[in-house]
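All values below were derived from every heavy atom in this structure, side-chain atoms included, with hydrogens, water molecules and symmetry-related copies excluded. Just so you know, residue 1 is the first one in the sequence shown, and it goes up from there.
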Amino acid sequence: MKRTLLWLFAACLLFTACAPSPANKTGMKSMWVYTHSLHGKRVLLIPLDSRPVNTDYVALLGQMAGARVILPPSGLDHFQKAADYSKLKAFLVKNIASCDAVFIGIPEWLNGGIVQGRLINTYTANMYRLEELKNILLKHPGKNVYILNIIPREMPAYLSKAAKYNSELVIYGRRYNQLLNAPSTEEADRIRNIMRDIEKLIPARYVKDYMGLFQQNLRVQYELINWAETGVVRELLIGLDDTSSMGIPKVSEKAIESLISENQLSNVRIMSGADDLTALLLARYKNEINHTGSRYVVTFSHELEKGRVRAYDGKPLENVIHDKIQLLQPDNPASISPPMHIYVHSYDESMDKVERWANENQGSIKGVADLSATANGNTTTWTENFLRQKLFTKVESYSGWNTSGNALGLLLAHMEMIRDQPTWNDAYQKWMLTRYVEDYYFNNIKRGEYAAKYSSIGRLTAGQEKQIGDDITQKSNLLIDLLTFATMRGGKRIVVKPRYRIAKAELPWDRVFEIRYHFVLRKTSRAMPLSPFPS
């Protein structure tokens with residue numbers, strides 16, 4: 001008991017006393033050189049992890065604006081296999097000087113991937129990697145370096161033995177959050193008693209590791225914030241991976257928000273999400289180069305959704321959208337784009353409503369965030385009606401990714417990349433096809449079917465993977481045959497049939513949660529892979 005209380009007290013000190021001292025920010029922005037186009041730019045990317053959302057999607061977004069996203073040819077993580085640090089380091093050292101911007105996912109660099117970043121030992125064993133990264137970056141002053149990091153999700157890693165106590169540890173972390181915010185001594189004592197009861201249900205080492213993970217992660221966040229303050233990096237974006245409004249990640253979030261506010265840090269941001277963050281940051285980089293901001297008009301299918309805290313977001317939906325839009329805006333933009341319109345769909349509703357919204361905003365770029373079509377088992381009725389009535393011809397962007405925050409982030413990033421392009425290239429078509437066949441068809445129809453039939457966490461056999469890949473390829477192409485979508489040619493909006501079909505679908509992590517598509521032109525057998533990696 002006494003040891004636990006002392007440890008809790010030490011944890012409180014960590015969350016309040018490890019912040020870096022404010023640095024002199026005067027003139028820091030003068031180091032950065034502004035140009036006027038993303039076209040031809042080379043962006044080096046060490047991703048958050050190797051999933052397509054953090055690699056393929058970012059490469060596609062870059063292609064829309066004529067940029068080349070350069071990824072490590074080898075050494076990235078593969079689910080339970082951590083990234084090869086020596087290969088990542090060699091890749092960065094070799095290519096950093098020749099690239100216009102550098103995007104570095106700290107989980108991949110430090111921990112070996114987001115999955116590995118949920119284990120405390122990947123922090124304690126690898127802290128030296130941060131110092132090595134800093135030394136590399138200091139040799140390239142003024143380089144456009146964007147850093148991404150993640151606050152671990154609330155649930156313990158399912159790769160660890162502590163996963164057996166998932167519910168107890170989550171509740172323990174939430175009570176700890178309450179303890180730090182207790183309004184009185186009596187309330188604090190009451191919460192401590194509850195925590196002691198929970199401790200009796202969990203081996204002590206699991207409690208220590210769970211709480212210690214967030215200590216170590218926050219220590220890393222403070223170091224990275226210091227880099228942003230002192231000009232080692234240009235921007236730092238911190239995401240909350242599968243967070244909640246009350247758990248232990250909220251403690252870290254509040255500590256970081258206080259530090260940002262106290263030191264008036266304009267180049268450090270924290271927000272819900274993980275899968276969408278690299279895409280958003282690339283869009284922000286594009287806007288900084290063009291020195292133009294954007295304006296959005298957001299329409300909610302159900303007004304009460306504005307204040308709802310949806311699963312994994314940790315804050316009201318309206319705030320989630322606001323944070324992501326603000327991230328996209330450059331400092332002191334020279335101009336603001338004409339308004340773009342977003343329709344946030346949440347529950348079943350009449351198609352007349354969204355069609356009326358689309359018709360009222362003709363001539364503007366419009367995007368639909370389909371928050372009913374997520375990988376969490378929600379209904380797909382609305383999406384099916386949306387497709388059946390061909391409303392996809394009336395909007396220029398669509399997203400229905402695995403959480404509402406991630407779906408919104410991918411939608412916004414895509415809209416930013418196309419908004420000032422008079423002609424939309426083939427990368428736009430591949431992006432839109434991927435959104436419909438993956439966000440709607442795979443994530444919401446097939447993934448649940450496969451998870452019930454096969455092992456969703458353990459490795460699949462080669463035969464099982466081939467069976468799934470062949471099935472998805474065939475069924476997705478049936479959907480593609482039904483699609484047409486809006487695009488731009490020479491500044492004029494037109495509706496076209498897709499130029500591509502899926503040549504091959506595969507499971508890059510040998511499990512049913514991720515999928516990668518390779519596209520082929522309709523009138524040729526030559527495969528044109530979506531992935532930046534060799535086929």
Side-chain angles (χ1 to χ4, degrees), residues 48 53-54 57 114 148-155 177 221 235-258 260-261 268-284 287 293-329 339-347 366-376 378 397-416 435 439 443:
L48 289 169
V53 69
N54 290 318
Y57 293 1
I114 291 180
L148 300 102
N149 200 22
I150 300 294
I151 293 175
R153 68 176 188 176
E154 186 179 24
M155 294 182 292
N177 186 9
Q221 309 289 7
E235 301 269 353
L236 169 62
L237 177 58
I238 302 169
L240 290 119
D241 184 19
D242 290 353
T243 191
S244 75
S245 59
M246 62 191 79
I248 187 66
K250 213 66 180 174
V251 177
S252 297
E253 180 185 2
K254 290 178 180 178
I256 293 169
E257 286 179 340
S258 295
I260 292 171
S261 176
V268 179
R269 294 171 179 82
I270 181 170
M271 66 180 60
S272 304
D275 290 354
D276 62 321
L277 298 186
T278 313
L280 282 170
L281 210 49
L282 182 66
R284 173 176 172 80
N287 288 348
S294 53
R295 183 161 65 94
Y296 288 88
V297 179
V298 182
T299 300
F300 291 85
S301 65
H302 299 76
E303 284 294 311
L304 291 178
E305 281 295 290
K306 289 182 179 180
R308 182 186 171 195
V309 180
R310 295 177 67 90
Y312 307 117
D313 284 346
K315 61 178 61 177
L317 183 59
E318 190 173 34
N319 294 353
V320 172
I321 298 173
H322 174 269
D323 290 348
K324 294 180 186 297
I325 291 175
Q326 286 302 112
L327 168 66
L328 296 167
Q329 311 311 315
M340 295 183 285
H341 295 264
I342 295 177
Y343 191 87
V344 181
H345 167 73
S346 301
Y347 296 106
K366 300 172 291 299
V368 170
D370 185 1
L371 306 190
S372 71
T374 69
N376 301 319
N378 292 327
S397 190
Y398 170 89
S399 180
W401 192 236
N402 57 6
T403 70
S404 56
N406 288 335
L408 286 159
L410 292 177
L411 182 80
L412 289 164
H414 178 235
M415 293 174 72
E416 289 291 333
R435 300 279 62 78
D439 294 4
N443 278 335

Whether the side chain of [X] engages the backbone of [Y] through a donor-acceptor N/O pair (distance < 3.5 Å, no angle test) should be reported.
X	Y	value
Asp439	Ser399	no
Ser261	Glu257	no
Ser301	Ser346	yes

Check [X] against [Y] and note the closest heavy-atom contact, atom names and distance.
X	Y	result
Ser397	Leu411	OG-CD1, 3.3 Å
Pro249	Pro152	CG-O, 3.7 Å
Gly314	Lys250	O-NZ, 2.8 Å
Asp241	Ala274	OD1-CB, 3.9 Å
Met415	Lys366	CE-C, 4.0 Å
Lys324	Gly405	CE-O, 3.2 Å

Could you check Glu154 against Thr243 for side chain to side chain donor-acceptor pair (under 3.5 Å), going step by step and ending with a plain yes or no? CA-CA 6 Å; Glu154 186 179 24; Thr243 191; over 6 Å; no
Heavy-atom side-chain contact between [X] and [Y] under 4.5 Å:
X	Y	answer
Ser294	Gln329	yes
Leu412	Leu327	no
Asn177	Ile248	no
Ser404	Val320	no
Val53	Leu48	no
Glu235	Arg269	yes

[atom1]/[X] to [atom2]/[Y] distance, rounded to the nearest 0.5 angstrom?
X	Y	atom1	atom2	value
Ile238	Leu148	CD1	CG	10.0 Å
Asp276	Thr403	CG	OG1	7.0 Å
Ile114	Asp242	CD1	CG	9.5 Å
Met271	Glu253	CE	CD	11.0 Å
Tyr398	Leu410	OH	CG	12.0 Å
Asn402	Tyr312	CG	OH	9.0 Å

Taking Ile270 as the fixed residue, which of Asp323, Leu237, Ile151, Leu236 is the one that meets the side-chain contact (heavy atoms from CB on, under 4.5 Å) rule?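 Of all the options given, the one that passes is Ile151.
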Pick out which of Asp313, Ile321, Ile325 makes a side-chain contact (heavy atoms from CB on, under 4.5 Å) with Leu408.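 That would be Ile321.
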Go through the steps for Arg284 and Glu416 under the test salt bridge (Lys or Arg N to Asp or Glu O under 4.0 Å), then give the verdict. CA-CA 8 Å; Arg284 173 176 172 80; Glu416 289 291 333; over 6 Å; no
Side chain to side chain contact (heavy atoms under 4.5 Å, CB included) between Leu371 and Arg310, worked out: CA-CA 10 Å; Leu371 306 190; Arg310 295 177 67 90; 3.7 Å; yes
Over-ring placement of Arg435 relative to Tyr57, 6.0 Å and 45° cut-offs: yes
Is it true that, when you exclude Arg308 itself, more than 12 heavy atoms of the residues, nucleotides or ligands shown sit nearer than 6.0 Å to its CZ?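 Yes.
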List in chain and number order the residues that pass ring pair (Phe, Tyr, Trp, His ring centres under 6.0 Å) with His322, two or more places apart in sequence or in another chain; answer none if no residue qualifies.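 Listed in chain order: nothing, the list is empty.
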